[in-house]
Asks: 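First, the structure itself, so that you have it in front of you.
The basis for the numbers below is simple: all heavy atoms, side chains too, and nothing from hydrogens, waters or symmetry mates.
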Amino acid sequence: MKRTINLVKNRSDIGAGTRGSDMGIDAIEIAAINKGSEYFNNFSTLDVETHNETIYNKDRNAFAIRIEHVLQQCTRLADAVAYSLSANHFPLVFSGDHSSALGTISGIKTAYPDQLLGVIWIDAHADLHSPYTSPSGNIHGMPLAAALANDNLEAQQNQITGDTALFWNNLKNIGTAQPKLKPEHLIYFGVRDTEEQEDQLIQSLGIKNYKVEEVRFRGLETCVKEALEKLSDCEMIYISFDVDSMDCDLISLGTGTPVSKGFDPQEVIAIIQTIVSSGKVRCLEVVEVNPLLDNKGNKMAETAFEILEKVTESISASL
Ligand SMILES: [Mn+2]
């Protein structure tokens with residue numbers, strides 16, 4: 001039976017430092033409606049329960065803010081993604097802040113525990129912090145450290161409480177055993193805004209980062225084909241697309257941590273389409289659209305929607 005696309009909507013922003021990315025999904029839907037598109041009518045939908053009101057709670061985990069609630073949200077998303085996959089769907093996940101990616105990865109590994117997972121991470125940020133290294137304590141900067149189960153204690157700066165350590169360990173164990181991902185199976189596109197602790201880890205683990213300049217200098221197709229070659233052992237691939245991978249001067253400031261000198265939308269489309277053409281992609285996620293921060297109307301969501309329309313066609317053709 002042919003797989004079908006299933007839109008998983010996870011309207012949560014509790015892993016971010018700035019509020020509003022939970023509204024990114026609605027902003028993308030409004031972009032579709034204003035364009036006269038039936039996109040959101042064309043696919044089945046799975047809504048993930050959220051608890052964004054927990055931002056009002058007092059927080060005792062200074063170096064991993066709202067970690068108990070992020071754990072619960074990632075667990076809910078993991079359940080939704082695993083359910084979607086087991087029902088023979090291709091989950092196309094719309095999330096708020098990027099802490100969600102740990103839930104998505106956990107869901108994929110729950111559905112296919114014996115298959116090797118490759119991750120294509122299109123983002124300005126490495127998201128490799130742990131509570132032991134994070135300068136901000138915002139968990140949307142930590143999902144890959146949790147997936148890799150790497151605390152980066154060599155670069156430890158924070159003394160965390162026993163509670164935080166316990167929740168952090170539980171995050172790493174959602175659904176299946178840790179680690180869910182090997183460093184050689186993680187590939188970055190567009191990472192250009194990192195902290196020293198992350199740089200050290202990228203270096204020591206040998207994680208490949210296709211920077212914007214490299215993609216333009218060597219050629220996009222050459223780089224993406226090389227990335228697929230690096231993932232040749234992996235039976236399945238997850239693509240995580242943070243809209244801040246794009247150039248904020250070109251698009252808009254409608255994302256939590258905008259960064260200049262990123263990709264343009266056509267480059268993002270081409271990267272995703274080429275990865276999809278491998279036939280291994282099981283899940284795509286789009287994150288961090290924040291309409292409250294947009295300085296150009298609803299430009300970031302409109303741009304994200306244009307990209308989604310194009311890559312959804314490619315995904316449909318690949319199923
Ligand atoms: Mn980012």
Side-chain angles (χ1 to χ4, degrees), residues 2-13 19-50 52 77 80-81 84 87-98 100 104 122-123 220 239-256 258 262-277 281-319:
K2 195 172 176 284
R3 280 188 296 153
T4 50
I5 289 174
N6 178 219
L7 307 182
V8 178
K9 298 179 187 172
N10 174 46
R11 294 180 174 87
S12 175
D13 72 342
R19 309 273 61 78
S21 61
D22 56 318
M23 299 160 85
I25 299 151
D26 298 279
I28 295 172
E29 288 199 44
I30 289 163
I33 291 164
N34 288 346
K35 212 179 163 184
S37 167
E38 288 285 317
Y39 184 95
F40 284 91
N41 237 343
N42 288 340
F43 306 104
S44 62
T45 297
L46 187 56
D47 277 300
V48 182
E49 191 189 341
T50 57
N52 292 326
L77 180 56
V81 168
S84 181
N88 207 30
H89 288 306
F90 179 104
L92 207 167
V93 183
F94 293 77
S95 283
D97 79 78
H98 216 168
S100 61
T104 306
I122 309 170
D123 196 332
L220 188 142
I239 304 174
S240 212
F241 167 44
D242 184 327
V243 296
D244 70 28
S245 58
M246 295 188 288
D247 193 330
C248 67
D249 300 324
L250 183 70
I251 315 295
S252 79
L253 300 178
T255 185
F263 291 120
D264 68 40
Q266 294 309 317
E267 289 170 321
V268 173
I269 291 168
I271 293 167
I272 296 176
Q273 283 180 330
T274 310
I275 301 288
V276 166
S277 71
V281 179
R282 296 284 171 83
C283 178
L284 167 70
E285 182 163 19
V286 56
V287 300
E288 298 281 1
V289 171
N290 188 332
L292 297 184
L293 303 175
D294 208 312
N295 58 328
K296 297 181 186 169
N298 197 26
K299 181 81 185 288
M300 188 60 87
E302 288 163 1
T303 308
F305 180 63
E306 275 169 36
I307 292 169
L308 282 166
E309 267 188 311
K310 285 276 186 295
V311 302
T312 303
E313 279 173 29
S314 307
I315 292 167
S316 291
S318 78
L319 300 178

Asks: Nearest heavy-atom pair of Asn6 and Ser84: which atoms, and what distance?
Replies: OD1-OG, 2.7 Å
Asks: Test side chain to side chain contact (heavy atoms under 4.5 Å, CB included) on Glu302 and Lys296 and set out the steps.
Replies: CA-CA 10 Å; Glu302 288 163 1; Lys296 297 181 186 169; over 6 Å; no
Asks: Side chains of Leu250 and Pro265, heavy atoms from C-beta outward: is any pair under 4.5 Å?
Replies: yes
Asks: Kindly indicate whether the side chain of Val311, heavy atoms from C-beta on, has any atom under 4.5 Å from the side chain of Phe241.
Replies: no
Asks: Do you know which of Asp22, Asn52, Asp26 makes side-chain hydrogen bond (donor to acceptor under 3.5 Å, both in side chains) with Arg11?
Replies: Asp26
Asks: Classify the ring geometry of Phe94 against Phe40: parallel below 30°, tilted from 30° to 60°, perpendicular beyond 60°.
Replies: tilted
Asks: Under the criterion side chain to side chain contact (heavy atoms under 4.5 Å, CB included), I'd like the reasoning laid out for Cys283 against Thr104: C-alpha separation, chi angles, the key distance, then a yes or no.
Replies: CA-CA 8 Å; Cys283 178; Thr104 306; 3.5 Å; yes
Asks: What is the minimum heavy-atom distance between Ser252 and Asn295, and which atoms define it?
Replies: CB-OD1, 3.4 Å
Asks: So Leu77 and Val8, side chain to side chain contact (heavy atoms under 4.5 Å, CB included) or not? Walk me through it.
Replies: CA-CA 9 Å; Leu77 180 56; Val8 178; 3.9 Å; yes
Asks: Taking side-chain hydrogen bond (donor to acceptor under 3.5 Å, both in side chains) as the definition, give me every residue that meets it alongside Thr50, ordered by chain and number, with sequence neighbours left out.
Replies: none
Asks: Starting at CG of Leu92, measure out to OH of Tyr39 and round the result to the nearest 0.5 Å.
Replies: 4.5 Å
Asks: Looking only at heavy atoms, which two atoms of Lys2 and Leu319 are closest? And how far apart?
Replies: CE-O, 3.6 Å
Asks: Under the side chain to side chain contact (heavy atoms under 4.5 Å, CB included) criterion, do Val93 and Ser100 qualify, and how do the steps go?
Replies: CA-CA 9 Å; Val93 183; Ser100 61; 6.0 Å; no
Asks: So, Lys299 side chain and Asp294 main chain: donor-acceptor pair closer than 3.5 Å or not?
Replies: no
Asks: Please round to the nearest 0.5 Å and tell me the distance separating atom CG of Asp97 and atom CG of Asn290.
Replies: 10.5 Å
Asks: What I'd like to find out is whether the side chain of Val276 reaches to under 4.5 Å of the side chain of Ile239, using heavy atoms alone.
Replies: yes
Asks: Could you check whether any side-chain N or O of Gln273 sits under 3.5 Å from a backbone N or O of Ser314, counting only pairs where one atom can act as donor and the other as acceptor?
Replies: no
Asks: Look at the side chain of Thr255 and the backbone N and O of Glu288, then say whether any donor-acceptor pair between them is shorter than 3.5 Å.
Replies: yes
Asks: If I compare all heavy atoms of Ala304 with all of Val289, which pair ends up nearest, and what's the gap?
Replies: CB-CG2, 4.1 Å
Asks: Can you measure from CG (Leu284) to CD1 (Ile122) and round to the nearest 0.5 angstrom?
Replies: 8.0 Å
Asks: Tell me the closest heavy-atom pair linking Val48 and Ala80, and the distance in Å.
Replies: CG2-CB, 3.9 Å
Asks: Working to the nearest 0.5 Å, report the span between NE2 of His98 and CG of Asp242.
Replies: 5.5 Å
Asks: Would you say the side chain of Phe305 lies within less than 4.5 Å of the side chain of Ser37, judging by non-hydrogen atoms?
Replies: yes
Asks: Below 4.0 angstrom, N of the basic side chain to O of the carboxylate: do Asp13 and Arg19 qualify?
Replies: yes
Asks: Kindly indicate whether the side chain of Glu29, heavy atoms from C-beta on, has any atom under 4.5 Å from the side chain of Leu7.
Replies: no
Asks: Can you tell me how far apart CZ (Phe90) and CG (Asn88) are? Round to the nearest 0.5 Å.
Replies: 12.5 Å
Asks: Return the minimal non-hydrogen interatomic distance between Gly20 and Pro291, and the atom names on each side.
Replies: O-CD, 3.7 Å
Asks: Ile315 versus Val281: any side-chain heavy-atom pair under 4.5 Å?
Replies: no
Asks: Would a distance-only check, ignoring hydrogens and angles, find a side-chain to backbone donor-acceptor pair under 3.5 Å from Asn298 to Ala27?
Replies: yes
Asks: Do His89 and Leu46 have side-chain heavy atoms sitting under 4.5 Å apart?
Replies: no
Asks: Quick check: does any side chain N or O of Glu306 sit under 3.5 Å from a backbone N or O of Thr303, one acting as donor and the other as acceptor?
Replies: no
Asks: Hey, what do you get for CG (Leu308) to CD1 (Ile269), rounding to the nearest 0.5 Å?
Replies: 9.5 Å
Asks: Can you tell if the side chain of Ser240 reaches within under 4.5 Å of the side chain of Asp123, non-hydrogen atoms only?
Replies: no
